[in-house]
2 protein chains.
Amino acid sequence: MPQLPTFADVRAAADRLAGTAHRTPVLRSRRIDEEVGAQVVFKCENLQRMGAFKFRGAFNALSRFDERQRDAGVVTFSSGNHAQAIALSARELGMPATIVMPTDAPASKVAATKGYGGQVVTYDRYTEDREAIGRRMATERGMTLVPPYDHPDIIAGQGTAALELFEEVGTLDALFVPLGGGGLLAGTALSTRQLAPDCRLYGVEPAAGDDGQQSLRSGHVVRIDPPRTIADGAATPSLGEHNFAIIQRDVDDVLTATDDELVEAMRRFAATMKLVVEPTGCLGLAAALARRDDVAGQRVGVIVSGGNVDLDRYATLLADGPSPT
Amino acid sequence: MPQLPTFADVRAAADRLAGTAHRTPVLRSRRIDEEVGAQVVFKCENLQRMGAFKFRGAFNALSRFDERQRDAGVVTFSSGNHAQAIALSARELGMPATIVMPTDAPASKVAATKGYGGQVVTYDRYTEDREAIGRRMATERGMTLVPPYDHPDIIAGQGTAALELFEEVGTLDALFVPLGGGGLLAGTALSTRQLAPDCRLYGVEPAAGDDGQQSLRSGHVVRIDPPRTIADGAATPSLGEHNFAIIQRDVDDVLTATDDELVEAMRRFAATMKLVVEPTGCLGLAAALARRDDVAGQRVGVIVSGGNVDLDRYATLLADGPSPT
């Protein structure tokens with residue numbers, strides 16, 4: 001059984017993040033309230049530094065390094081928002097960061113990671129194991145490995161978004177949270193069970209990769225092939241161990257959303273709320289719209305996890321399909 | 001000489017708007033700070049109700065109606081954000097609203113105005129005069145005409161955005177404000193001269209329609225043919241009379257931005273700040289980027305006026321041109 005973080009760790013993370021992370025706005029739209037048939041509040045982590053909640057966990061983890069760890073630096077593996085979060089956090093804290101990314105990672109993500117000062121090491125995703133590379137570099141060079149979600153400090157940091165949300169709006173009847181490896185959902189669970197114990201808490205993952213739902217319902221971590229979905233931030237093969245233990249204990253259910261539902265939610269965010277939200281960030285709204293009957297008349301929260309999407313890709317997704325009215 | 005509103009009118013408008021208009025967030029981006037070479041704060045009126053600052057002025061004007069005026073209702077002419085602002089404000093205040101719109105107005109704008117309960121009357125923009133139609137309806141049916149910008153209550157209402165901005169961030173060295181008919185700029189001037197008297201205040205209009213710049217420099221209102229620009233919210237033929245009187249007294253200069261600069265700013269807003277901003281709303285950032293040398297190291301404000309842009313059009317504008325790095 002792994003050592004699990006607690007709400008006290010979330011509080012401590014919030015203290016470390018104060019003045020460095022944005023306290024992101026909580027936004028509302030009466031139009032969307034009408035469409036969902038509920039009062040909906042959105043915690044906008046797409047407006048977080050580097051464009052996603054991932055900065056919270058990464059900065060929290062790195063700010064706990066001791067002097068020896070800071071000198072040797074951090075290593076991680078990620079082709080997504082965690083890469084940028086680690087690179088930016090390391091720069092803020094004045095330590096070197098090495099990011100293991102696949103050779104075919106999008107040029108924009110590689111450029112963004114380098115732009116924050118991260119050193120990028122590439123690997124062939126078809127023949128090499130990124131975790132093994134990360135571990136080897138950690139061992140050989142004395143660097144500390146900080147994985148994307150399966151880590152107590154990452155989970156505690158991600159929990160600060162929901163902490164801020166509850167501080168601002170009080171309790172809620174239901175809360176919808178994007179689910180990939182489970183860092184955001186597990187952290188949110190710690191804050192929810194402390195600050196809004198009666199709130200129904202839902203993880204939402206891509207329908208193409210419902211390993212989280214299978215895991216929760218079967219009682220053990222289910223591993224699947226990496227799913228094909230536009231929600232690249234949630235295209236994970238399995239939940240982390242720490243994450244699953246908390247999710248199993250504290251989360252009411254795991255729901256799914258199809259890519260079509262994500263595109264529809266993305267278009268609503270743009271047309272109605274004037275927010276650029278990446279596909280993964282649309283999981284919560286998509287699920288709330290699909291479960292209108294369950295949340296009718298209630299106070300509902302949605303965590304918008306991020307907004308990092310290549311502009312050309314975003315333009316293509318917006319242009320397909322009908323305009324929201 | 002028209003009766004000009006004062007800062008006291010802006011304060012009174014703020015009281016009327018409290019609890020009805022959103023107090024929109026002030027957002028920052030360190031990436032954009034680096035690009036401009038200054039500390040830049042954005043007052044995000046694209047996140048205002050109905051997607052633009054126009055709600056402030058419209059609601060302020062309508063909330064001052066007496067009982068007789070409320071019974072007969074409001075009439076206005078607009079094919080843009082003012083139409084939706086009047087329709088929504090009238091609905092909030094329980095009075096009828098008639099909007100005179102051109103027969104070739106975008107279907108999305110007509111639908112949005114009707115969606116807020118406005119009654120739409122169409123006219124042929126090539127053979128009929130919308131102002132005359134509005135005045136005739138006002139006379140014949142006892143309705144009160146509320147024009148889009150040349151009105152003291154509209155100006156006072158629009159000034160509340162800058163009032164909130166200064167309350168939140170203190171004084172600034174320079175402030176960039178989109179300029180069409182001059183409602184937002186004149187209102188902003190009232191708040192600026194009271195709350196940040198030394199702040200340099202700039203209106204920014206489309207380069208294709210520089211009537212505001214010509215007016216300020218010549219000392220009288222210059223009228224031009226409606227300009228061809230993607231900044232449809234600022235494609236006005238001339239400043240209002242009230243507006244010009246305040247702008248001439250209180251504004252330091254009027255700058256211009258080209259359509260290409262607006263598209264570049266729009267792409268930066270999407271990629272870096274995750275905000276959907278309509279072309280007119282990009283005028284301030286475009287000017288700040290163009291005047292890097294003048295604002296180097298200073299504290300700079302930008303008012304983002306709105307985010308109402310047809311999604312297909314928005315997708316097309318995003319897809320053209322290079323990605324911001």
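In what follows, chains are A, B, ... by sequence order, proteins preceding strands, each numbered from 1.
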Considering only heavy atoms and a distance below 4.5 Å, find which of B/Met273, B/Arg49, B/His22, B/Arg28 pairs most often with chain A. B/Arg49
Please identify, among B/Val309, B/Thr316, B/Asn308, the residue contributing the most non-hydrogen atom pairs under 4.5 Å to chain A. B/Asn308
Spacing of A/Thr272 atom OG1 and A/Arg30 atom CZ [to the nearest 0.5 Å]: 14.5 Å
A/Lys109/A/Asp232 ion pair, N-O < 4.0 Å: yes
Measure across B/Glu45 and B/Phe53 and return the closest heavy-atom pair with its distance rounded to 0.1 Å. OE1-CA, 3.3 Å
A/Leu275 versus chain B, heavy atoms under 4.5 Å apart: side chain, backbone, both or neither? both
When rounded to the nearest 0.5 angstrom, what is the spacing between CG in A/Asn60 and OG1 in A/Thr160? 7.5 Å
Please flag which part of A/Ala270 lies under 4.5 Å from any non-hydrogen atom of chain B: side chain, backbone, both or neither. both
Tell me, side chain or backbone of B/Phe269 under 4.5 Å from chain A's heavy atoms, or both, or neither? neither
Would B/Glu167 and B/Arg23 count as a salt bridge (charged side-chain N to carboxylate O under 4.0 Å, His left out) if you check the C-alpha gap in whole Å, the side-chain angles of each, and the deciding distance to 0.1 Å? CA-CA 11 Å; B/Glu167 281 179 351; B/Arg23 191 177 176 97; 3.1 Å; yes
